[in-house]
Amino acid sequence: MALSLKPEHLKRYTDIARLLIQHGRSDLVKTMDVDLPDDQVVEGAVTGDPEKLAQDLEALGPTFIKLGQLLSTRSDLLPAPYLDALARLQDKVEPFPFQEVEEIVSTEIGVQLSKAFLEFDPVPVAAASLGQVHRARLRSGREVAVKVQRPGIRQVILEDLDAFAQIAAMIDKHTEIGRRFAFQDMLEEFRKTLLRELDYRREAVSLVTLADNLREYRRLVVPRPVDDYTTSRVLTMDYVKGTKITELSPLALIDLDNRRLAEDLCKAYLDQILVDGFFHADPHPGNLLVTGDGRLALLDLGMVARIEPAMQEQLLKLLLAVTAGQGQQAAQVTLQIGTPLETLDEAHYRREVADLVGSFQSLSGEQIQVGRAVIHLARLSAENGVRPAPELTMMGRALLQLDESARALDPDLDPNQIVRQHSDSIMRRHMLKKLSPANVFATALDMQEFVQHLPGRLNAVLDNVAANKVSFKVDAFDETRLMDNLQKIANRIALGLVLAALIVGAALMMQVSTPFRIFGYPGLAMLLFLLAAACGFVLILTVFLNDDWRVWRKTPK
């Protein structure tokens, strides 16, 4: 597959080649067949610096930042220092002019800004590579935040993704690492995730879904979208005024019910991951605000993830095993949800997991971090020949950020205790979910179909039995062939004994003096030798002609 010659692609090829060379993967650059201009050749030795890699990705733009965030969850691809550095990638850029904001919003919602909003702050509250947020007020007086997508960003990302696809195809085709990890498949999932994030209508749906799922948690707030003023490039939602949890003063923490707030946050995320199967995948402290009335707001649902019910049950087993110090159970679950590779030494892997879980149990309450334990478990799996399930790394990353956020509220929080206390509630909700009307109705329909068709199927079986048309096929050994082979073996053993007797008798007859001689030897002894030789020749000929010689061949690997 040849690389594209479009100018925008060539620039990205050069950027990627420089990045790979600087961070020690010049072998992949040779596969790409990209020549760097003299003025862009990387000078100096390979850095091998995770922080420098994070900075380089930030400098290359939004697609590379999002790619770095994806790689931060792939413990099977990168060592721990790189994962930690990429997990801290910042997405901060200069805001774009208000004139462009006004044009985009007016075009998207189909009405002038002044007619749709009573107030619209031209200075953004926050700016990132994909968009920026402005504070505004609707004509009804409702205070809102308006998220506006950066002009031309979709086209930039699509061009970058096309360039990535070309390079991934080359690496998969020509390198061992590409054949092992299938970068094209990985990139396709990345493309879907990133394009979903560019569609603000999906984020609006996520806001509604999460708010409905967390309605039992009165201390948690999720802003609601304004449907009439939301499009693929503009998202209008409730404005939440508050303070980032990392900026709370000690006095503010005293006034808060911080222990209950931290517990509710952890329980809500356990419910999101292990019950609802839909969770906010980026709960870092910057996305959590403490409101004036002492509640906690969850912001920025651009990154969400889903987990299937079967995987939820496995992840729950894993969390319970880790928090209870059951290393063998944790190893068993990771083997079931992961992909064992040829290099796996299962006995060694189980010992390593048991040691890891045991060391985790030896920590005190304020040192325990469930998310870090899951991340370490995923890394250990990758190092020992078990490709971890993507859901495991996603959950580990989310819980790791959750640990940091919850401890900002309550440094003495014990995640183990919360998981154990809340596991009963999670199990009850799992059972109730299985007994939901939809599942009951589906089971009832299956039962109805079974009962409806049972008489006809039963009549057909009885008719066949009456007509003697019923037969059973049993996959077992062939008794006739077995008896024939045993008979053949017995005959050959008997013939071998007769031959042995003839030879021994002939040898003894050689000592008897007799006038009857053949070739100067006693004639009777020679006749016995000739008879034994003839029988032996017949036996050998029978073996060669009648035996199945395939059993003597070595089965090809």
Side-chain angles (χ1 to χ4, degrees), residues 92 117-121 123-128 131-138 140-148 200 203-227 229-230 235-272 276 278-304 398-399 401-413 418 422:
K92 296 179 180 179
F117 299 93
L118 187 64
E119 299 175 8
F120 199 104
D121 192 347
V123 180
V125 177
Q132 61 191 40
V133 179
H134 291 259
R135 186 175 179 178
R137 188 183 300 274
L138 299 178
S140 62
R142 180 179 178 182
E143 198 169 8
V144 294
V146 183
K147 187 175 180 180
V148 185
Y200 288 168
E203 184 173 349
V205 173
S206 298
L207 288 169
V208 174
T209 302
L210 187 62
D212 291 341
N213 290 344
L214 300 183
R215 59 184 174 272
E216 296 179 2
Y217 292 92
R218 302 299 181 185
R219 295 181 180 86
L220 302 183
V221 180
V222 179
R224 292 273 183 173
V226 181
D227 294 335
Y229 290 167
T230 295
L235 171 60
T236 306
M237 56 189 162
D238 292 328
Y239 180 79
V240 179
K241 185 177 180 179
T243 306
K244 293 182 180 180
I245 58 176
T246 53
E247 298 175 358
L248 291 172
S249 64
L251 184 60
L253 285 175
I254 294 176
D255 293 337
L256 282 175
D257 189 359
N258 58 332
R259 169 57 63 91
R260 294 292 298 275
L261 211 55
E263 289 181 353
D264 280 359
L265 178 63
C266 292
K267 291 178 181 179
Y269 265 88
L270 290 175
D271 285 346
Q272 289 179 53
D276 303 322
F278 173 85
F279 67 97
H280 182 203
D282 195 20
H284 67 78
N287 285 337
L288 301 174
L289 299 182
V290 176
T291 63
D293 57 358
R295 295 188 297 171
L296 193 63
L298 281 63
L299 307 179
D300 192 2
L301 265 68
M303 292 181 62
V304 295
L399 291 179
Q401 293 180 332
L402 181 64
D403 284 335
E404 180 183 357
S405 299
R407 289 181 191 280
L409 292 169
D410 182 8
D412 298 327
L413 186 71
I418 292 178
H422 200 52

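Being a predicted model, the structure only gives us computed values, none of them experimental.
The OH atom of Y269 sits 8.5 Å away from the CD atom of Q401 when rounded to the nearest 0.5 Å. How far CD1 of I245 is from CG of L256: 11.0 Å, rounded to the nearest 0.5 Å. For the atom pair CG of L413 and CG of D403, the computed distance is 8.0 Å after rounding to the nearest 0.5 Å. Rounding to the nearest 0.5 angstrom, the gap separating the OG1 atom in T209 from the CG atom in L301 is 9.0 Å. For the atom pair CG of L409 and CZ of R259, the computed distance is 11.0 Å after rounding to the nearest 0.5 Å. The distance from atom CG of D271 to atom NE2 of H422, rounded to the nearest 0.5 Å, is 3.5 Å.
Exactly one of N213, V304, L298 qualifies for a side-chain contact (heavy atoms from CB on, under 4.5 Å) with Q272. That residue is L298. Checked options L235, D300, V240, T236; the residue passing with P223 is V240 (criterion: side-chain contact (heavy atoms from CB on, under 4.5 Å)).
With a 4.5 Å cut-off on side-chain heavy atoms, L207 and R224 do not count as touching. A heavy-atom distance below 4.5 Å is not found between the side chains of E203 and T230. Within the 4.5 Å cutoff, side-chain heavy atoms of I418 are placed close to those of E263. Taking the side chain as every heavy atom from C-beta outward, V226 and R142 approach each other to under 4.5 Å. Annotation: side chain of L289 is in contact with side chain of K244 (closest heavy-atom distance under 4.5 Å). Side-chain contact between L296 and Y217 is absent, with no heavy-atom pair separated by less than 4.5 Å. Here the side chains of E143 and K241 are not in contact, with every heavy-atom distance at 4.5 Å or above.
Crowding of R260 atom CZ: a count of heavy atoms from other residues, nucleotides or ligands under 6.0 Å not exceeding 12.
Every residue two or more places apart in sequence or in another chain was checked for a salt bridge (Lys or Arg N to Asp or Glu O under 4.0 Å) with D227, and none qualifies. The salt bridge (Lys or Arg N to Asp or Glu O under 4.0 Å) test applied to E247 returns no partner, not counting sequence neighbours.
In plain terms, the two heavy atoms of A398 and P283 that are nearest each other are O-CG, 3.5 Å. Of all heavy-atom pairs spanning Y200 and G131, the tightest one is OH-CA, 4.0 Å. Scanning all heavy atoms of the two residues, the minimum distance from C266 to L402 falls at CA-CD2, 4.1 Å.
Side chain of S405 to main chain of L288: no donor-acceptor pair is present (N/O by atom type, distance under 3.5 Å, no hydrogens or angles). For the pair D410 (side chain) and N258 (backbone), a donor-acceptor distance under 3.5 Å is absent. With hydrogens and angles disregarded, no donor-acceptor distance shorter than 3.5 Å links the side chain of H280 to the backbone of S206.
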**OP:** Decide yes or no on side chain to side chain contact (heavy atoms under 4.5 Å, CB included) for Y229 and V144, but give the supporting numbers first.
**Re:** CA-CA 11 Å; Y229 290 167; V144 294; over 6 Å; no
